[in-house]
Number of protein chains: 2
Amino acid sequence: MNIGDVATRSGLPAKTIRYYEDIGLVKPLRDTNGYRTFREIELHKLAFLGRARALGFSIEDCRNLLQLYEDESRTSAEVKEIAASHLERIRQKIVDLREMSDTLSNLIDSCAGDHRPDCPILESLGTKIS
Amino acid sequence: MNIGDVATRSGLPAKTIRYYEDIGLVKPLRDTNGYRTFREIELHKLAFLGRARALGFSIEDCRNLLQLYEDESRTSAEVKEIAASHLERIRQKIVDLREMSDTLSNLIDSCAGDHRPDCPILESLGTKIS
DNA sequence: CATAAAGGTTCCAGTTATAGGAAGGTCAAG
DNA sequence: CTTGACCTTCCTATAACTGGAACCTTTATG
């Protein structure tokens, strides 16, 4: 399989796949013409990466997960810990965003949004400091 | 005021303040020794920026907000639109994160997290593709 | 007064996870 | 044989800083 095929089948852009090779996540063979040649195993790994990335795992998390995936003697506890710590980060992010969203929402509600210059949003941002 | 003072008073790192000058958000004067000299107005702007950034506004949003802030003839509608579109992006981000979080949460719950290698998390990520 | 610590300056590189594009080699079809 | 679709590498850019090197100025101390 050439890179175009794996791109189609994995759903990842060819650019991304080359990048993943660069950083050592996949190691396709090379044809005599210099083209990358992917086996099923690589395709499989790339699909794995796509799914993990879609769940927001960082590249480094992905690297660890992939390694565990291939390690027959892993323990599920190892995997669970990576996932749990990722989940914790996501949850914190949601909390932060919700706080922003609430504040913004209030400001927006209190702004007339008309032709006049008075704006509670700007006033709040511009509050003089001590 | 030197940069250290404004850093303390605005809560922004000196590095960040220099960066903000670089990209034209603030324009401090220069002393004869080359040191930046900030007036109250600059401090005020930096505090404004700090608050807007804390609400997740992008630097470009901040640039626009700052300009509107200083423009006596702005309309509150202009400001409200920037804020509303930012809010929309935040809300979408929350939706995305919540989806990730739910999926991950389910996977984590179904994983024993013990010494055995069987792991539904990895299984889900590694599902063979067609 | 000499010196050392604290604070200032510029400039360059690194971060994350790609995306875009140039310049050029290769392959299948008409 | 040429056209177009693929492929290659390499360089640049993104957002918003952060860290560090090399160097200058000001302030405090023995």
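For the numbers below, each heavy atom of this structure counts, side chains included, while hydrogens, waters and symmetry mates do not.
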Name the closest nucleotide to the [X] side chain, picking from [options].
| X | options | result |
| --- | --- | --- |
| A/Arg36 | D/dT8, C/dT9, D/dC7 | D/dT8 |
| A/Tyr35 | D/dC6, D/dT9, C/dT9 | D/dC6 |
| A/Arg30 | D/dA16, D/dT8, D/dT18 | D/dT8 |
| B/Asn33 | D/dT25, D/dT18, C/dG8 | D/dT25 |

Rounded to whole angstrom units, what separation is found between the CD atom of A/Glu21 and the P atom of C/dA17?
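About 18 Å, once rounded to whole Å.
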Find the distance B/Ile17:CD1 to D/dA16:P and express it as a whole number of Å.
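Checked: the CD1 to P distance equals 17 Å.
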Are there more than 12 heavy atoms of other residues, nucleotides or ligands under 6.0 Å from atom CZ of B/Arg116?
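Atom CZ in B/Arg116 is not packed in, count stays at 12 or less.
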Exactly one of B/Arg30, B/Lys27, B/Lys15 should register a salt bridge (charged side-chain N to carboxylate O under 4.0 Å, His left out) with B/Glu21. Which one does?
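Going through B/Arg30, B/Lys27, B/Lys15 one by one, the salt bridge (charged side-chain N to carboxylate O under 4.0 Å, His left out) with B/Glu21 is satisfied by B/Arg30 alone.
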Taking atom types as modelled, is there a side-chain donor on B/Asp96 or B/Gln92 under 3.5 Å from an acceptor on the other?
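There is such a pair (donor and acceptor under 3.5 Å, judged by atom type) between the side chains of B/Asp96 and B/Gln92.
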Could you check whether [X] gets within reach of a base, just the sugar-phosphate, or nothing at all, counting any heavy atom under 4.0 Å?
| X | value |
| --- | --- |
| B/Tyr20 | sugar-phosphate |
| B/Ile23 | nothing |
| A/Arg53 | sugar-phosphate |

Let me see the working for A/Glu70 and A/Phe48 under side-chain contact (heavy atoms from CB on, under 4.5 Å), right down to the final yes or no.
CA-CA 12 Å; A/Glu70 298 183 298; A/Phe48 180 105; over 6 Å; no
